[in-house]
Amino acid sequence: MSDKTSTIVYTLTDEAPLLATASFLPIIRTFAAPAGITVETSDISVSGRILGQFPEFLSEEQRVTDNLSELGKRTLKADANIIKLPNISASVAQLKSAIKELQEKGYKVPDYPENPRDDKEKDILARYNKCIGSAVNPVLREGNSDRRAPRAVKEYARKNPHSMADWSQASRSHVSHMHSGDFYHGEKSMTLDRARDVKMELITKSGKTIVLKPKVSLQDREVIDSMFMSKKAILEFYEKEIEDAHKTGVMFSLHVKATMMKVSHPIVFGHCVRIFYREAFEKHAKTFDELGVNVNNGMVDLYNKIATLPQSTQDEIKRDLHACHEYRPELAMVDSAKGITNFHSPNDVIVDASMPAMIRNGGKMWGADGRLKDVKAVMPESTFARIYQEIINFCKWHGAFDPKTMGTVPNVGLMAQQAEEYGSHDKTFEVPEEGVANITDLNTGEVLMSQNVEAGDIWRMCQVKDAAIRDWVKLAVSRARNSGMPVVFWLDAYRPHEAQLITKVKMYLHEHDTNGLDIQIMSQVRAMRYTLERVARGLDTISATGNILRDYLTDLFPIMELGTSAKMLSIVPLMAGGGMYETGAGGSAPKHVQQLVEENHLRWDSLGEFLALAVSLEDLGLKNGNSKAKLLAKTLDAATGQLLDNNKNPSPRTGQLDNRGSQFYLAMYWAQELASQTEDAELAARFKPLAKALTENEQTIVKELADVQGKAVDIGGYYKPDTEKLAKVMRPSATFNKALETVGA
Ligand SMILES: NC(=O)C1=CN([C@@H]2O[C@H](COP(=O)(O)OP(=O)(O)OC[C@H]3O[C@@H](n4cnc5c(N)ncnc54)[C@H](OP(=O)(O)O)[C@@H]3O)[C@@H](O)[C@H]2O)C=CC1
Ligand SMILES: O=C(O)CCC(=O)C(=O)O
Ligand SMILES: [Mg+2]
């Protein structure tokens, strides 16, 4: 057993997952060491990523390696075994706060140059841009995605159903998307006949050639798409929908994915804000221009920038903004108590989580008065928005889903190698002038695809590699075989890109023994309807989808079934042979940090980490023939089962069992399982003292963990907490800490 193959890399990320790690990592290391497993860490937090970008601004001791790139390289190795926790996909406002915190801590990283004046500032901005949005996942996801609710978790949810609000047939909530002029309607797609290098260029009406992307190397049989969103069409669409919401008296909400679609969706978001407050923006255009206000980053940007103006001007602008509300619909709120609207920041309402939350709430969102109300959910891109209308239709007709009886919908997602839209940031452009946008072969000059575009349109090219599609089909077939569930490929034959995929899926299905399997291909809306009809009858159905629907469905169904996507198993079988185990599909829940700091209670549920660790250990055991690792996995699964059976999940309420208490119980059950098994006497002997110490001191430890709650604590920072302070806060039980030491390395 070589050292290399016995290593698990555990990521250090941000917010609640990072806090939970401060307590969980010592537990993992205690259990892993007797099996010869080393647990390394890799800091890929926002602050870590920033520091990794600017070594020359830092002192020798402050410098860190670019962990994200290193970890990205590791995913290409056959022995990679990575546990990846959710991380912040930062908005510009979050990035600026992180920079400020680092500067205050003595790290001399440069300011964020919003409007770079020279090459040096342009370089700084380019480096910072690598830290914003979904900067981590696309680098690490060198495999397709397998997300599902483990049986024990599903059973737990059936026995302990979360609340689901009622749906009324009279609900007025609905989804509004564009019906022309969006990415869907003008899309072109092709499968390459051979490897080619291409460029993306704009031939302007005035005769200029603007090269937007000088070179993209494409592989043989790769699928590429060219699509654009018309600015004119989206502005008209917003005007119409805002007016419609106002006239019909429903609340207005906008749902985008500005994290993953970090180039296109902030633009899509900004247009909506400017149309909503059109009169105020027209009146103050000159001032906003001078201040460099950019509401693509949300109203927060506007409020921050006008703060430099004389009070009377600020008041006038605010008055004019408020005046717009007179003839505009009510806006959905993110935090009604603090007056934070849907327009505050493009990352506050993230479609994959926000739409399920709305559906779980009986189709309602919060209004400014703190009440739940019917809402128009605006998602400009029609491609995937329609699935939400379909589920709304279903809920209006059949009522809310019942977590006690509903079936499960696991997902097999085409994600590898920056598949589809989620890999398109570096090939997405806001068109500067009217013209023809071409994807042109660099060697032959052949124009592969061309689009007529106008100034302000968003033009992008997406790619998906043949090997990724082939691997996805293989994964779908193997999940169907292993689970016995039917699989539906959610593919729309009318959409050019998906028509190309359908051809490939049909071709690659022939490579497998599909005898006895139920595999179908259906357009999104039909697939949704078919799946929901089964869900309501308690039947299970695997969804095999592209990258965006992977993201949407792996929040949507888990939130209906389990109350959160954080309890999912989320496996990325890396194409090079290794494995990455993501912890849930959930995010990093900023309000959890606030509760910890104010009340020393962490409500974060580490169930996702427990599940990920078990599959990571199992994989290590299987690949290395390490029977101890396999046994650790088996006993951990049993311990997690006990944790669920005994209801030892964290409570959201201060004073009750929290994340630390839940982790303690996991450790106790795990140690008991190891001590009592008979497969490996050595491991049993190693863990007996720990099992005894934890069992005997259960009450003391739980009390020690509860006693610290209720008071404010200092963890020495938000984006870069102080490691020692954090360890002290997250490991407050001396009895527990001492017991862990009994195992020894
Ligand atoms: N894979 C990744 O790296 C991902 C990262 N993100 C990032 O996460 C941040 C927040 O995103 P947001 O859209 O608010 O989604 P979250 O999933 O963080 O939060 C939604 C809500 O779900 C509940 N929740 C989620 N996970 C857990 C858990 N483990 N234990 C208990 N409750 C949980 C919390 O609700 P409550 O406490 O009220 O019950 C939380 O407020 C953003 O920065 C986003 O970019 C988002 C998705 C994936
Ligand atoms: O990377 C991100 O920003 C979010 C990822 C996400 O939502 C998911 O994978 O489900
Ligand atoms: Mg998601």
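A quick note: this is a predicted structure, and the numbers were derived from the prediction, not measured.
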Only residue of N304, D301, I317 satisfying side-chain contact (heavy atoms from CB on, under 4.5 Å) with V293 is D301

Any side-chain heavy-atom pair from T248 and K376 closer than 4.5 angstrom? no

Applying side chain to side chain contact (heavy atoms under 4.5 Å, CB included), name anything that partners A20, two or more places apart in sequence or on another chain. L602, W604, S606, E609, N659, Q663

So, using side chain to side chain contact (heavy atoms under 4.5 Å, CB included) as the criterion, who are the partners of V216 when residues are at least two apart? V198, K213, L218, K427, M461, Q463

Main-chain N/O of G363 paired to S173 side chain as donor or acceptor, under 3.5 Å: yes

If you draw a 6.0 Å radius around CZ in R371, do more than 12 non-hydrogen atoms from other residues or ligands fall strictly inside? no

Would the F54 and Y128 ring centres measure less than 6.0 Å apart? yes

If you define the side chain from C-beta out and look only at heavy atoms, does anything of F183 sit under 4.5 Å from R460? yes

Are E421 and M260 side-chain neighbours, meaning at least one heavy-atom pair lies under 4.5 Å? no

Identify whether the distance between the nearest side-chain nitrogen and carboxylate oxygen of E239 and K232 falls below 4.0 Å. no

Looking at Q389 and V175, would you say the former's side chain and the latter's main chain have a donor-acceptor pair under 3.5 Å? yes

Taking atom types as modelled, is there a side-chain donor on Y718 or E15 under 3.5 Å from an acceptor on the other? yes

CD (E282) with more than 12 external heavy atoms under 6.0 Å: yes

Would K120 and E56 count as a salt bridge (Lys or Arg N to Asp or Glu O under 4.0 Å) if you check the C-alpha gap in whole Å, the side-chain angles of each, and the deciding distance to 0.1 Å? CA-CA 13 Å; K120 193 166 156 248; E56 78 273 28; over 6 Å; no

For M229 and P380, which heavy atoms make the closest approach, and how far apart are they? CE-CB, 4.3 Å

Would you check, one step at a time, whether the test side-chain hydrogen bond (donor to acceptor under 3.5 Å, both in side chains) holds for T11 with T13? CA-CA 6 Å; T11 58; T13 59; 5.2 Å; no

Taking the six-membered ring of F252, is the NZ or CZ of R328 close enough (under 6.0 Å from the centre) and on axis enough (within 45°)? no

Any L553 side-chain heavy atom under 4.5 Å of T545 side chain: yes

Give a yes or no on whether the ring-centroid distance for Y184 and H179 is below 6.0 angstrom. no

With sequence neighbours excluded, residues passing salt bridge (Lys or Arg N to Asp or Glu O under 4.0 Å) with K130: none

Quick one: do K305 and E114 make a salt bridge, cutoff under 4.0 Å? yes

What are the two closest non-hydrogen atoms of A135 and P138, and how far apart are they? C-CD, 4.2 Å

Please check if any side-chain donor atom of D320 sits under 3.5 Å from a side-chain acceptor atom of H284, or the reverse. yes

What residues form a side chain to side chain contact (heavy atoms under 4.5 Å, CB included) with N129, not counting sequence neighbours? Y112, L125, I132

Residues K240, D244; criterion salt bridge (Lys or Arg N to Asp or Glu O under 4.0 Å); working and verdict: CA-CA 6 Å; K240 176 169 156 280; D244 182 67; over 6 Å; no

Do Y388 and M358 make a side-chain contact, defined as non-hydrogen atoms from C-beta onward lying under 4.5 Å apart? no

Supply the atom-to-atom distance L302 CG to Y277 OH, rounded to the nearest 0.5 angstrom. 9.5 Å

Okay, side chain of D551, backbone of D352: is any donor-acceptor separation there less than 3.5 Å? no

Work out which heavy atom in N137 is nearest to a heavy atom in K84; give both atom names and the distance. OD1-CE, 3.0 Å

All heavy atoms of Q314 vs all of L309, minimum pair found to be NE2-O, 2.8 Å

Could you check whether H322 and R319, counting side-chain N and O atoms only, form a donor-acceptor pair closer than 3.5 Å? no

Gap between atom CZ of R550 and atom OG of S145 - 0.5 Å precision: 5.5 Å

Would you please say whether a donor-acceptor pair under 3.5 Å links the side chains of H497 and E420? yes

Answer yes if the side chains of T65 and E70 hold a donor-acceptor pair under 3.5 Å, and no otherwise. no

Are D182 and S382 close enough that a side-chain donor and a side-chain acceptor fall under 3.5 Å? yes

Among D722, T723, L19, N600, side-chain contact (heavy atoms from CB on, under 4.5 Å) partner for I715: L19

Is a side-chain donor or acceptor of D457 paired with a backbone partner of V431 at a separation under 3.5 angstrom? no

Could you tell me whether the side chains of E381 and H265 share a donor-acceptor contact shorter than 3.5 Å? yes

Answer with yes or no whether the side chains of S47 and S45 bring together a donor and an acceptor at under 3.5 Å. yes

Does any part of the side chain of I44, heavy atoms only, come nearer than 4.5 Å to the side chain of L140, both counted from C-beta? yes

Between E430 and K231, is there a side-chain N and carboxylate O pair less than 4.0 Å apart? no

Where is the tightest heavy-atom contact between H255 and S354, given as atom of each residue plus distance? ND1-OG, 2.8 Å

Min side-chain heavy-atom separation S253-V349 under 4.5 Å: no

Closest heavy-atom pair and its distance - G52, D66: O-CB, 4.3 Å

Establish, yes or no, whether the cationic atom of R274 lies under 6.0 Å from the six-membered ring centre of F288 and within 45° of the ring axis. no

Do S565 and D555 have side-chain atoms, one donor and one acceptor, less than 3.5 Å apart? yes

So CG of D14 and OG of S588: to nearest 0.5 Å the spacing works out to 6.0 Å

For the CG atom of L102 and the CD1 atom of I50, what is their distance to the nearest 0.5 Å? 5.5 Å

With side chains defined as the heavy atoms from C-beta onward, is the minimum distance between N297 and F269 less than 4.5 Å? no

Give, for atom CD1 of I458 and atom CE of M227, the distance between the pair rounded to the nearest 0.5 Å. 12.0 Å

Do K105 and E101 meet the salt-bridge criterion of a basic N to acidic O distance under 4.0 Å? yes

Between Y327 and H246 (side chain of the first, backbone of the second, donor and acceptor by atom type, cut-off under 3.5 Å), is there such a pair? no

How far apart are the C-alpha atoms of E279 and K283, what are their side-chain angles, what is the distance that settles it, and do they pass the salt bridge (Lys or Arg N to Asp or Glu O under 4.0 Å) test? CA-CA 6 Å; E279 287 193 0; K283 180 172 167 196; over 6 Å; no

Can a donor-acceptor pair be found, under 3.5 Å and without considering hydrogens, that links the side chain of Q62 to the backbone of L51? no

With sequence neighbours excluded, tell me which residues meet salt bridge (Lys or Arg N to Asp or Glu O under 4.0 Å) with E121. R117

Hits for side chain to side chain contact (heavy atoms under 4.5 Å, CB included) against S312, two or more places apart or cross-chain, chain-then-number order -> P310

I need the M299 CE to D348 CG distance, nearest 0.5 Å. 13.0 Å

